[in-house]
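Written below as structure tokens is the structure these notes are about.
Every chain is numbered from 1 and lettered A, B, ... according to where its sequence line falls, protein lines coming before strand lines.
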Protein chains: 2
Amino acid sequence: MATGRNHRPATSRSRGIPEATVARLPLYLRALTALSERSVPTVSSEELAAAAGVNSAKLRKDFSYLGSYGTRGVGYDVEYLVYQISRELGLTQDWPVVIVGIGNLGAALANYGGFASRGFRVAALIDADPTLAGRTVAGIEVEHADGLEQIIADNGVSIGVIATPAGSAQQVCDRLVAAGVTSILNFAPTVLSVPEGVDVRKVDLSIELQILAFHEQRKAGEEAPEEEETAPPAAPPAAAVTKKRSEPGPDGDVPAVMPA
Amino acid sequence: MATGRNHRPATSRSRGIPEATVARLPLYLRALTALSERSVPTVSSEELAAAAGVNSAKLRKDFSYLGSYGTRGVGYDVEYLVYQISRELGLTQDWPVVIVGIGNLGAALANYGGFASRGFRVAALIDADPTLAGRTVAGIEVEHADGLEQIIADNGVSIGVIATPAGSAQQVCDRLVAAGVTSILNFAPTVLSVPEGVDVRKVDLSIELQILAFHEQRKAGEEAPEEEETAPPAAPPAAAVTKKRSEPGPDGDVPAVMPA
DNA sequence: CCAGCTTTGTGCACGCGTTCACAAAGGCAT
DNA sequence: ATGCCTTTGTGAACGCGTGCACAAAGCTGG
Ligand SMILES: NC(=O)c1ccc[n+]([C@@H]2O[C@H](COP(=O)([O-])OP(=O)(O)OC[C@H]3O[C@@H](n4cnc5c(N)ncnc54)[C@H](O)[C@@H]3O)[C@@H](O)[C@H]2O)c1
Ligand SMILES: NC(=O)c1ccc[n+]([C@@H]2O[C@H](COP(=O)([O-])OP(=O)(O)OC[C@H]3O[C@@H](n4cnc5c(N)ncnc54)[C@H](O)[C@@H]3O)[C@@H](O)[C@H]2O)c1
């Protein structure tokens, strides 16, 4: 069950743009769109980099992968760059998206206006709960999970969003993939196993918070060096160790780090 | 207005764990917790790596930064590792968190059970809307944004979640930071500018979708090599360009890629 | 037409992260 | 007690990503 085999399948780099650059293009696009709305005709790499929160050299190198549509001494034409990046990201076409799992999060996503703004269209909302089916969320009728495959096929959906509980995520994922979905955005806290050629990106709130907590603890530990961080307390892991095996000695004791 | 200066301020590496490793620790922890609930006493790096979806050598190296609590020929003690990672991530203590912006998303977050499960506690919900103040969401009373500073101080909050519209995010961020918050999880689609020492992590749905769209387009382009990807059609960008300015010439025409 | 200024595009070096491969370590069976 | 087998911990190589620094390019003013 869920062997967890994902090799980061080739991703891009087929004949061009590095993955790190692809991840920044939406950032540039957003900044450029804002400039466009303010009718700014051109921007320098320095200005745009500041707006996107990146290094200007990095930005220039990123754009060079697209073919570099800049003018030396002047900068980049905003409108033209907006179009070029949009085209590169595939936003000039319409991407129908299904959301599976219309609970707290799924409903919020359905109500989110940020979808339609950039080429994404919520084609269907799907949930396994029979009492939800037929209800309308964000002006779209929730359909029962039984018709998942048909919905995917009818709408030519290739991008799916999973917002079900973790326990159902792999199963939903399998059905989506079998029905033809090749890109998945996963909000459930699970590692999804997918065949090669299917892209999975995850959004995981818990992980983000835990990373923040780590740094937070680090900061606190640096401020107050004599706290309880460095000092190895004899306090055992509470109810952590259920069946204490043949522990060589250190329980909450000295870390016993003995480099070879 | 949002000069966008963020240098990736030192982050970790102060005296140890690489950032990439920190980002994976929550993943390991989740897999280990699942094993713990099934009363599995030990795991090999191979098994655990599979469950977490990573390379086993990477996992072993990651654990080596923690001090390597494994037994050769056997593997790692699940319970002990759960405790060690939890301690390293700072999850053995309680982190009060405030959520600012109780709209669609903020309410979903407040209702999310995944917070309390791992040391995080929603200390307060804050919104600027007077009609929301006093209402109860997820059993917690929404407080007005006027009291933000007081709430932060009273609860000793150091982690803040921003779920307001993009336009308010920087302003909310500034107030949070001024009030003492040093870690921010931002859901608004904006680049936040913060002073050094403050960590910001962002969750951006639009960016994730756009990255997926890029790969999706790439896949489609590879399948049908004679489509409209490589061939530069004379078709204009449809409704993409709102106000067509003094375009230098190429509209949907030949890309004019002229390498130096 | 030329000089000077601005800004791009990129060669290069460096550091981080990933992965392979293997020696050392420890348990277990005999 | 000894040898075998499993698995860890890590040295080393490699590749990607980042940022510096600069030459080339293009605009503008004279
Ligand atoms: N709410 C949040 O803020 C938040 C934050 C981070 C992560 N998450 C994760 O997102 C997921 C959804 O969270 P939520 O709070 O919306 O949960 P929820 O319980 O409110 O909603 C889950 C929905 O999925 C539906 N569902 C269950 N099994 C299904 C299936 N097999 N097919 C189709 N639909 C199915 C349920 O009927 C329910 O409507 C969870 O995995 C949660 O861990 C939520
Ligand atoms: N809904 C989603 O699924 C989703 C997905 C991705 C990103 N986002 C982003 O998350 C943010 C919130 O989305 P949403 O759908 O919940 O929007 P929303 O409009 O439903 O909620 C925003 C809330 O923020 C409050 N607010 C506004 N200014 C404030 C301020 N200065 N201080 C405190 N509170 C303030 C508003 O009163 C409102 O209740 C937006 O930036 C959106 O782009 C939302």
Side-chain angles (χ1 to χ4, degrees), chain A residues 6-8 10-14 16-25 27-28 41-50 52-78 80-81 84 245-249 255-260, chain B residues 5-14 16-25 27-28 41-50 52-78 80-81 84 246 248 256-260:
Chain A
N6 48 353
H7 287 286
R8 181 87 30 126
T11 48
S12 71
R13 195 168 44 271
S14 300
I17 307 177
E19 189 60 25
T21 295
V22 173
R24 280 188 294 268
L25 289 181
L27 227 52
Y28 302 145
T42 59
V43 263
S44 68
S45 63
E46 205 71 53
E47 293 170 313
L48 186 55
V54 301
N55 182 292
S56 67
K58 196 188 299 185
L59 178 143
R60 288 198 298 276
K61 186 154 290 188
D62 283 343
F63 285 175
S64 79
Y65 292 116
L66 307 184
S68 292
Y69 308 98
T71 306
R72 295 171 189 231
V74 177
Y76 298 90
D77 185 289
V78 172
Y80 193 52
L81 208 43
Q84 289 299 341
R245 290 175 45 79
S246 65
E247 293 253 351
V257 182
M258 193 178 300
Chain B
R5 182 192 325 173
N6 47 354
H7 285 286
R8 182 92 25 131
T11 47
S12 70
R13 192 167 48 271
S14 300
I17 305 177
E19 189 59 26
T21 296
V22 173
R24 282 188 292 268
L25 290 182
L27 227 52
Y28 301 146
T42 58
V43 265
S44 69
S45 63
E46 205 70 51
E47 293 170 312
L48 186 54
V54 302
N55 183 293
S56 68
K58 195 189 298 184
L59 177 142
R60 287 198 299 274
K61 186 152 288 189
D62 283 343
F63 285 175
S64 79
Y65 292 115
L66 307 185
S68 291
Y69 308 98
T71 308
R72 296 172 186 229
V74 176
Y76 298 90
D77 184 290
V78 171
Y80 193 53
L81 208 43
Q84 290 299 341
S246 64
V257 181
M258 193 178 301

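- Between the NZ atom of K61(B) and the CZ atom of R24(B) there is a distance of 11.0 Å, given to the nearest 0.5 Å.
- The NZ-C1' distance, from K58(B) to dT10(D), rounds to 17 Å in whole Å.
- Nearest to the side chain of S45(A), among dT19(C), dC20(D), dT8(C), sits dT8(C).
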Set out, line by line, the N/O atom pairs under 3.5 Å between protein and nucleotides 26-30 of chain D.
none

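- Remark: T71(B) engages no residue in a side-chain hydrogen bond (donor to acceptor under 3.5 Å, both in side chains) (not counting sequence neighbours).
- Note: CD (E19(A)) to P (dG17(D)) measures 8 Å, nearest angstrom.
- When the side chain to side chain contact (heavy atoms under 4.5 Å, CB included) test is applied to S56(A), the partners found at least two apart in sequence or on another chain are S45(A), E46(A), A49(A), R60(A).
- The OH atom of Y65(B) sits 13 Å away from the P atom of dG9(D) (whole-angstrom rounding).
- Closest contact between the side chain of N55(B) and the listed nucleotides dC20(C), dT8(D), dT18(D) involves dC20(C).
- A donor-acceptor contact under 3.5 Å links the side chain of K61(B) to the base of dT19(C).
- Residue contacts for Y76(A): at a heavy-atom cut-off of 4.0 Å it reaches the sugar-phosphate backbone alone, with no base atom in range.
- Put simply, CG on D77(B) is 13 Å from P on dT8(D), counting in whole angstrom units.
- With sequence neighbours left out, the side-chain hydrogen bond (donor to acceptor under 3.5 Å, both in side chains) criterion links T42(A) to no other residue.
- Comparing A57(B) and A57(A) by the nucleotide of DNA chain C that holds the closest heavy atom to each, the one mapping nearer the 5' end is A57(A).
- Rounding to whole angstrom units, CD of residue E47(A) and C1' of dT7(C) are separated by 11 Å.
- Residues satisfying the ring pair (Phe, Tyr, Trp, His ring centres under 6.0 Å) criterion with Y76(B), sequence neighbours excluded, are F63(B).
- Counting to the nearest Å, the P atom of dT6(C) and the CD atom of E46(A) are 13 Å from each other.
- If you run side-chain contact (heavy atoms from CB on, under 4.5 Å) between Y28(A) and each of V54(A), L66(A), L81(A), only V54(A) comes through.
- For R60(B), counting side-chain heavy atoms from C-beta on, the closest listed nucleotide (dG17(D), dA21(D), dT10(D)) is dT10(D).
- One atom, CZ of F63(A), and another, C1' of dT8(C), lie 12 Å apart when rounded to the nearest Å.
- In this structure, L48(B) places its CG atom 20 Å from P of dT6(D), rounding to the nearest Å.
- Projected onto DNA chain D by closest heavy-atom contact, S64(B) and D62(A) fall at different nucleotides, the more 5' of which corresponds to S64(B).
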Go ahead and write out DNA chain C as dot-bracket, 5' to 3': ( ) for pairs within the strand, [ ] for ones crossing earlier pairs, | when the partner sits on another strand, dots for unpaired; Watson-Crick or G-U wobble, both distances under 3.5 Å. ||||||||||||||||||||||||||||||
